[in-house]
Structure formats: C-alpha cells, structure tokens
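We're numbering straight along the sequence, starting at 1. Just so you know, these numbers use all the heavy atoms, side chains as well, and skip hydrogens, waters and symmetry mates.
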Amino acid sequence: ADTNHQIIVDVGPIASLSFVLVLGGPDRFENPCNVGAHLGLVPRRDQSGQSDKQLPISKAGTRDVRRLLVQAAQYTSVTSVQTVTYADRA
C-alpha cells in the first residue's frame, strides 16, 4: 500500500491500496477536486431556472472504495468524539 495514504488516521492498508488501485497515479487528475467526483462523493445537483437543489451524493465510480473511505471517515469521527469525551473526564 502507498504509505502516503496511511498517514491519514484510520485509513489502513486495504483502504489505501484500494484507493491507489482505483485512482492510479497522482497525475491522473489535474484538479484534486475531481477525485471526489470520480469516486461519487460529491452531491448531485438539480439546477433549473432559479432553483438549485443539492441532492444526495452521486455514487458514481467504484462502490467498494467509496464504502471503505466513508467507513474510515465515520470511524474517525466517532473515535475523535470519544477521545475528547474521555479527555474531558480525566
């Protein structure tokens, strides 16, 4: 696995390897914002006239990598809240 991705807390070797295998090299995307769109992690939009509705994420791209990244983010948000809670009790 690419150790650069493992620097992010709670992104282990499987999520990191999956991310690298799906995305390829770092030069594949000119703009880093396009990575989220490629993985389907950006919200869909419904624009019509003056209406601009934000819808749920597009879910384009590879479902398994998206699931691994979302699970890592959820785990990180839960563990960081628990860490703060335990630190406050001490």
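- Of all heavy-atom pairs between Val65 and Phe19, the closest is CG1-CA, 4.2 Å.
- Side chains of Ser18 and Leu68 form a contact here, defined as non-hydrogen atoms less than 4.5 Å apart.
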Distance-only criterion, 3.5 Å: show the donor-acceptor pairs between side-chain atoms of residues 21-42 and protein atoms not counting sequence neighbours.
from	atom 1	to	atom 2	distance (Å)
Arg28	NH1	Val22	O	3.0
Arg28	NH1	Leu23	O	3.2
Asn31	OD1	Cys33	N	3.0

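- With sequence neighbours left out, the side-chain hydrogen bond (donor to acceptor under 3.5 Å, both in side chains) criterion links Arg67 to Asp64.
- Screening residues 34-45 for salt bridge (charged side-chain N to carboxylate O under 4.0 Å, His left out) gives Arg45-Asp52 as the qualifying pairs, with residues at least two apart or on separate chains.
- Summarising the geometry, atom CD1 belonging to Ile57 is positioned 5.5 Å from atom CZ belonging to Arg66; distances are rounded to the nearest 0.5 Å.
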